[in-house]
Amino acid sequence: MDLFVTNIGNNFLYNNNGDGSFTKVSEGIVVSDGGNSYASCWADFDRDGYLDLFVANSGGQDNALYLNRGDGSFAKITTGYLVNDARNASGCGWADYDNDGDSDIFVAYEDGPNILYQNNGNENHWLNITCMGTASNRSAIGAKVRAKALIGGKPVWQLREISGQTGFGSQNSLNVEFGFGDADIIDSLVVVWPSGLIQVWEDIQANQFLTLTEGSDAIPVELTLFTAHVNGHDVMLEWITESERNNYGFDIQRTSEQAWERIGFVQGHGTSATRHVYSYKDSDVALGSYRYRLRQIDTDGRSRYSQELEVQIGPVREFSLSQNYPNPFNSATTIFYELAEDKHVTLIVYNACGQQVARLVDEQKKGGRHFVSWDAAEHPSGLYFVRFIAGEYSETIKMMLLR
């Protein structure tokens with residue numbers, strides 16, 4: 001979220017850098033059009049996919065409406081009664097009060113009647129969403145809603161946050177209102193609820209009113225893989241979900257004796273129909289035998305456990321090449337091997353015709369557990385072989401690349 005500040009004088013606009021810092025915008029009509037500004041509110045009034053800005057002014061200055069050009073700049077609208085009223089305005093709010101798919105605006109004045117301005121609209125596409133919390137508050141205050149659509153031939157992400165106040169003395173509708181220009185299908189709709197639940201909807205038809213209820217339209221968490229790999233004194237846990245329902249996240253638990261202890265947490269994806277790959281690294285583990293398990297937690301606090309995995313942290317007593325993970329894979333995969341003692345290691349990938357396509361390792365390695373990743377993004381689907389040579393020892397495994 002970026003930040004706009006009204007002032008007596010020039011207003012301020014700060015661009016969020018995404019790392020906790022902001023850059024002050026120093027050029028453009030929005031920050032050089034000074035006056036007595038009080039309230040402000042944002043809405044995509046022309047439904048082109050970019051947020052526009054209304055500023056309520058007083059002290060004999062007309063209200064201001066700035067059209068977002070979509071390239072970081074704005075154009076000031078100078079015609080129409082809305083922007084040619086020099087009374088003392090002190091509050092404003094956007095809402096689709098007549099349910100026709102566009103945002104209308106209400107302006108509060110200190111020295112006369114308040115005015116409701118009806119938006120005459122255009123042919124651009126839109127979506128109006130009511131979010132209803134269940135585990136979160138009923139009005140979904142604090143929820144973030146993101147929408148992705150192909151607008152003007154390019155993918156555009158938009159963000160709205162449901163807030164209990166949207167400016168000085170101002171309050172937009174709690175409905176989430178998006179414009180999509182020429183896009184009649186919304187590729188992805190993502191709601192991050194205050195509870196931490198993340199829900200995803202795909203292929204949504206534009207030009208409709210939607211009610212999204214927290215935790216609804218859900219599918220079960222389907223944990224299809226849970227593996228553990230040892231590298232020295234580190235244990236890498238990896239697991240895959242094919243789909244998720246109300247998945248708040250995973251507690252990672254470990255035991256070396258009788259009592260289980262929580263050693264970490266990985267955030268889930270809420271409700272999703274797509275595959276997600278998770279991992280967790282348990283670092284600098286002492287020598288010994290350990291068991292690991294996952295506690296998958298729903299947003300309502302209910303939970304279930306995965307199967308348990310047992311690993312041994314200690315000296316490696318033999319040479320071995322383990323199956324790569326994941327396998328099959330569609331881009332990158334990791335190959336694991338163990339050395340009983342220091343050796344020169346060669347690790348080569350061949351295609352099905354026996355041609356070398358990658359030399360991943362060709363150097364002296366210390367005894368112990370090792371792994372190396374192979375990015376196969378430039379290679380076609382098919383069967384591949386990894387040959388592992390360590391001194392007199394050699395071993396080959398098969399890998400399947402599927403796109």
Side-chain angles (χ1 to χ4, degrees), residues 224-240 252-257 263-264 277-294 306-402:
T224 60
L225 183 69
F226 181 35
T227 62
H229 297 286
V230 177
N231 181 33
H233 285 257
D234 297 337
V235 178
M236 177 63 72
L237 303 175
E238 295 175 304
W239 62 100
I240 295 176
I252 294 89
Q253 300 185 354
R254 180 187 66 197
T255 181
S256 58
E257 297 177 353
I263 61 172
V277 179
Y278 297 88
S279 64
Y280 180 85
K281 184 178 182 180
D282 190 15
S283 300
D284 200 23
V285 183
L287 298 179
S289 179
Y290 298 88
R291 285 179 294 152
Y292 290 86
R293 71 182 182 186
L294 304 174
S306 71
Q307 74 271 29
E308 298 177 10
L309 300 178
E310 187 169 352
V311 301
Q312 180 69 40
I313 306 296
V316 175
R317 304 187 184 281
E318 61 182 8
F319 295 92
S320 66
L321 175 65
S322 301
Q323 187 64 54
N324 61 300
Y325 173 83
N327 187 52
F329 60 103
N330 61 15
S331 179
T333 190
T334 303
I335 301 161
F336 302 85
Y337 61 95
E338 297 183 349
L339 303 175
E341 58 187 34
D342 296 359
K343 287 290 182 181
H344 186 277
V345 174
T346 305
L347 204 64
I348 303 174
V349 179
Y350 298 90
N351 62 20
C353 297
Q355 299 168 319
Q356 178 178 317
V357 297
R359 182 177 289 264
L360 304 179
V361 181
D362 190 3
E363 61 182 318
Q364 186 77 9
K365 290 286 187 178
K366 291 185 176 297
R369 299 175 177 89
H370 302 270
F371 65 90
V372 62
S373 295
W374 179 45
D375 186 354
E378 298 180 358
H379 298 281
S381 297
L383 184 65
Y384 291 84
F385 299 87
V386 177
R387 188 179 185 195
F388 167 62
I389 302 173
E392 301 297 320
Y393 181 86
S394 68
E395 187 177 356
T396 301
I397 62 170
K398 300 177 182 178
M399 304 186 299
M400 180 60 70
L401 174 61
L402 297 176

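Residue indices begin at 1 and follow the sequence shown.
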S.K.: May I ask you to decide if T334's main-chain N or O and N324's side chain share a donor-acceptor pair within less than 3.5 Å?
M.R.: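 Checking the backbone N and O of T334 against the side chain of N324, no donor-acceptor pair under 3.5 Å is found.
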S.K.: Applying side chain to side chain contact (heavy atoms under 4.5 Å, CB included), can you list everything that pairs with E308, at least two apart in sequence or on another chain?
M.R.: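 E308: side chain to side chain contact (heavy atoms under 4.5 Å, CB included) contacts with W260, R291, R293.
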S.K.: Check the surroundings of atom CD in E392: do more than 12 heavy atoms from other residues, nucleotides or ligands lie under 6.0 Å from it?
M.R.: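 Open: at most 12 neighbouring heavy atoms sit under 6.0 Å from CD of E392.
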S.K.: Minimum heavy-atom separation for L401 to P380, with atom names?
M.R.: CD2-O, 3.1 Å
S.K.: Would you indicate whether the side-chain heavy atoms of V372 and H370 approach each other to under 4.5 Å?
M.R.: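 No. Closest side-chain heavy atoms not under 4.5 Å.
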S.K.: Should the ring pair Y384 and W374 be called parallel, tilted or perpendicular, given that the plane angle runs from 0 to 90° and is split at 30 and 60?
M.R.: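 Y384 and W374: perpendicular rings.
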S.K.: Can you name the closest pair of heavy atoms from F319 and A390 and give their distance?
M.R.: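 In terms of heavy atoms, the two residues are closest at CD2-CB, 3.9 Å.
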S.K.: What's the separation between atom OG in S320 and atom CZ in F336, rounded to the nearest 0.5 Å?
M.R.: 12.0 Å
S.K.: Within the structure provided, determine whether N351 and H379 are in side-chain contact (heavy-atom separation under 4.5 Å).
M.R.: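 N351 vs H379: side chains apart.
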S.K.: Between R359 and T346, is any pair of side-chain heavy atoms under 4.5 Å apart?
M.R.: yes
S.K.: Holding to side-chain hydrogen bond (donor to acceptor under 3.5 Å, both in side chains), I want the full list of residues that pass it with E310, two or more places apart in sequence or in another chain.
M.R.: S289
S.K.: Work out which heavy atom in I252 is nearest to a heavy atom in L294; give both atom names and the distance.
M.R.: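 Heavy atoms only, the tightest pair is CG1-CD2, 4.1 Å.
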S.K.: If you compare all heavy atoms of D342 against all heavy atoms of G367, which two are closest, and at what distance to 0.1 Å?
M.R.: OD1-N, 2.7 Å
S.K.: Nearest 0.5 angstrom please: S331 OG to L402 CG, how far?
M.R.: 12.5 Å
S.K.: If you define the side chain from C-beta out and look only at heavy atoms, does anything of L287 sit under 4.5 Å from H233?
M.R.: yes
S.K.: Closest heavy-atom contact between L339 and K365?
M.R.: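 Where L339 meets K365 most closely, the heavy atoms are CD1-CB, 3.5 Å.
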S.K.: Output all residues satisfying side-chain hydrogen bond (donor to acceptor under 3.5 Å, both in side chains) with E318, sequence neighbours left out; order by chain, then residue number.
M.R.: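 So E318 forms no side-chain hydrogen bond (donor to acceptor under 3.5 Å, both in side chains) with any residue.
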S.K.: Answer whether the closest heavy-atom distance between the side chains of Y350 and V357 falls below 4.5 Å.
M.R.: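 No, side chains not in contact.
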S.K.: Any idea which heavy atoms bring I397 and S322 closest together, and the distance?
M.R.: CD1-O, 3.4 Å
S.K.: Angle between ring planes, W239 versus F226, binned at 30° and 60°: parallel, tilted or perpendicular?
M.R.: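 The rings of W239 and F226 stand perpendicular, inter-plane angle above 60°.
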S.K.: Under 4.5 Å between any side-chain heavy atoms of Y292 and I263, yes or no?
M.R.: yes
S.K.: More than 12 non-hydrogen atoms from neighbouring residues, nucleotides or ligands closer than 6.0 Å to CD on Q364, yes or no?
M.R.: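 Atom CD in Q364 is packed in, count exceeds 12.
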S.K.: Rounded to the nearest 0.5 Å, how far does OG of S283 lie from CG of D234?
M.R.: 4.5 Å
S.K.: Give a yes or no on whether the backbone of K398 and the side-chain of Q323 come within a donor-acceptor separation of less than 3.5 Å.
M.R.: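 Side chain of Q323 to backbone of K398, a donor-acceptor pair under 3.5 Å: yes, one is there.
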S.K.: Report the distance from atom CE of M399 to atom OG1 of T396, rounding to the nearest 0.5 Å.
M.R.: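 Answer rounded to 0.5 Å: 11.0 Å.
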S.K.: Can you tell me if Y280 has over 12 outside heavy atoms packed within less than 6.0 Å of its OH?
M.R.: yes
S.K.: Within the structure provided, determine whether I335 and L321 are in side-chain contact (heavy-atom separation under 4.5 Å).
M.R.: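 I335 reaches L321 side chain to side chain.
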S.K.: Under a 4.5 Å cut-off applied to non-hydrogen side-chain atoms, are R387 and L347 in contact?
M.R.: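 Side-chain contact under 4.5 Å: no.
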